[in-house]
Every structure is written in structure tokens, then in C-alpha cells.
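First comes the structure, then the notes that go with it.
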Amino acid sequence: MNIILLGPPGAGKGTQAQRLVERHGMRQLSTGDMLRAAVKAGTPVGLQAKAVMERGELVSDEIVSALIGEELDSLGPDAGAIFDGYPRTAAQAESLDAILADRGRKLDHVIELGVDEDALVDRITGRFTCASCGKGYHDRFEQPREPGVCDRCGGTEFKRRPDDNEETVRTRMAEYRAKTAPILPIYDARGIVARVNGMAAMDDVTAAIEKIVAA
Ligand code: ADP
Ligand code: ADP
Ligand code: ZN
């Protein structure tokens, strides 16, 4: 199975992708995570992407599509793929079609997480993750069960993203509206879009996604 999770920054893509990984053993392909790893490692791609990401603008289509192709090749042919944060432009959507076709894969679902923009700044500015395993948390909406200790791995170090500030989030939302939302009609025309209310409680969003994946 190959699915895209689509939605603006803070919609819950990463949260729901992690849950699909845990429940179904699918693999999460997050271009944001791949780019952050490249920045951290100081690779040529990372050097190019760093300032763009700090501004909240989109990294070039060529870079992210190359990353997705490589990552997909590291999956077994039977492993399901969750595309989280990719595609974000019409050119990327086109590349993804070719990338999947080349590997004998087909897109099963595009799950759009619908959210109120007003809620997104709160979600983003309260977001943090476990530094060891990457599990996502939120200052108010999802704290570790034991304060300061990761539920999943017991890690005690957490981190916040430099681009998770209000100003950058506004740019990221504008990029989503201008370049990413317009790709939905491409998938609508194929009849593979499912819309989920991303404002619902996390578990309810998960239940709605489970229904789509099981159908
Ligand atoms: P995205 O990957 O789409 O940018 P995340 O999954 O990282 O979004 O979610 C952003 C923040 O909002 C995280 O801190 C997460 O814990 C929190 N969050 C995710 N889904 C919900 C929800 N349904 N209700 C409240 N908070 C949520
Ligand atoms: P979020 O979880 O908030 O939606 P991501 O982690 O997916 O954010 O992306 C963080 C940043 O990485 C983006 O603001 C952008 O600069 C870059 N990025 C990630 N994925 C893509 C992509 N598919 N195309 C272009 N830029 C991307
Ligand atoms: Zn952890």
C-alpha cells in the first residue's frame, strides 16, 4: 500500500504516520526528516536546504524528489509507504507518479487532513520530539506520560525545530496554500482522495484513517 498524508504544517501528518508505522509496519517517508538529517550531516543537499527551511520556503523539487526515490529504493518491494510532506508541488506530484511507476507501485489513497489555520500556530509552537527515537509530543496536547521521559524509548532528551516559530509558520502556511493545496484536484480526478477532520482528537483522527486504510 502507498499513501500520501496531505495537510498544512501542524495538521498531524507526522503523528498519524508514526501510528501507521506502529500498527501496520509501513514505512514513513518524510522529506522534512530527510532534509533535517542532511542539514545535520552537512551534506551538499543539507547546505543548500538549510537557509530555505529556516525561512519556511520550499526546497527545490529536484532535491526532494531525488531523496524520495533513494529512500523508496531502501524499502523492500512489499513494504507499504507513507508519504509525509511529499509531494508539495504539482511538479513533485508528477515526479512521484514516475517514481512509483518505475518501481511497480501505485498510489492507493491520498488522505487530506483538514484543519483550521488558527489552530496551527498553537500546534507548531508547542511541538517537540524525542531526541533519541523521534516520537512527537506537544506541550499541551500530548505530553509524555511521565514528565521528561519518552513513552516509547525512555529517552530524556527532547528537541524543538528552529523553524517551529510563529513567523516561519506563517510563511509555511502561505506556501501550502499557494503550491500544495492546488495539487489536490489532480488526485481528486483519480477518485483517491479521502478527507479526514484533522481538528478531531488524535485518536479519532487515527480511527478515521484506519477505516480508509482497511477499506
Ligand atoms: P505535521 O507533521 O503535519 O506538521 P505533527 O504531526 O507534527 O504535524 O503535529 C503538530 C503538533 O500538533 C504536534 O506537537 C502534535 O503532537 C500535535 N497534534 C497532532 N495531531 C493533533 C490533534 N489531532 N490534536 C491536537 N494536537 C495534535
Ligand atoms: P511540517 O511537518 O511542519 O509540515 P516538514 O518537516 O514536512 O514540515 O518540512 C519542513 C521544511 O522542509 C519545509 O518548510 C520545507 O522547507 C522543507 N520541505 C520538506 N518537504 C518538502 C518538499 N516535499 N518540498 C519542498 N520542501 C520541503
Ligand atoms: Zn523516544
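Note that ligands are numbered from 1 as they come in the structure, with each ligand's atoms numbered from 1 the same way.
The aromatic rings of Phe128 and Tyr137 sit parallel, their planes meeting at an angle under 30°, below the 60° perpendicular limit.
In terms of polar-atom proximity, defined here as any N/O pair under 3.5 Å, Gly136 makes no such contact with ligand 1. Any N or O atom pair closer than 3.5 Å counts here, and Lys13 shares at least one such pair with ligand 2. In terms of polar-atom proximity, defined here as any N/O pair under 3.5 Å, Gly56 makes no such contact with ligand 2. For Thr15, a nitrogen or oxygen atom sits less than 3.5 Å from a nitrogen or oxygen atom of ligand 1, counting backbone and side chain alike.
In this structure, the protein non-hydrogen atom closest to atom 8 (O) of ligand 1 is Gly12 N, 3.2 Å. At the shortest separation from atom 16 (O) of ligand 2 among protein heavy atoms lies Glu57 O, 2.5 Å. With hydrogens left out, the protein atom closest to atom 10 (C) of ligand 2 is Arg161 NH2, 3.4 Å, a heavy atom. Among protein heavy atoms, the minimum distance from atom 17 (C) of ligand 2 is reached at Leu35 CD1, 3.6 Å. Closest protein heavy atom to atom 7 (O) of ligand 1: Arg127 NH1, 2.6 Å. In terms of protein heavy atoms, atom 12 (O) of ligand 2 is closest to Met53 CE, 3.4 Å. The nearest heavy-atom contact from the protein to atom 3 (O) of ligand 2 is Arg172 NH2, 2.4 Å.
Considering each of Arg88, Gln92, Glu175, the one bringing a non-hydrogen atom nearest atom 19 (C) of ligand 2 is Arg88. Taking all heavy atoms of Val59, Ile63, Ile124, Leu67 into account, the minimum distance to atom 26 (N) of ligand 2 is reached by Val59.
The Zn ion (ligand 3) is the vertex of the angle joining SG of Cys150 and SG of Cys130, which measures 110° to the nearest 10°. With the Zn ion (ligand 3) as vertex, Cys133 SG and Cys153 SG subtend 110°, rounded to 10°.
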Decide side-chain contact (heavy atoms from CB on, under 4.5 Å) for Leu72 and Arg103; before the verdict, give the C-alpha distance in whole Å, the side-chain angles of both, and the deciding distance to 0.1 Å.
-> CA-CA 9 Å; Leu72 207 49; Arg103 291 159 181 80; 3.8 Å; yes
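Qualifying salt bridge (charged side-chain N to carboxylate O under 4.0 Å, His left out) partners for Asp203, counting only residues two or more places apart in sequence or in other chains: Arg19.
Listed by number with element, the atoms of ligand 2 under 4.0 Å from a non-hydrogen atom of Thr31 are 19 (C), 20 (N), 21 (C), 22 (C), 23 (N).
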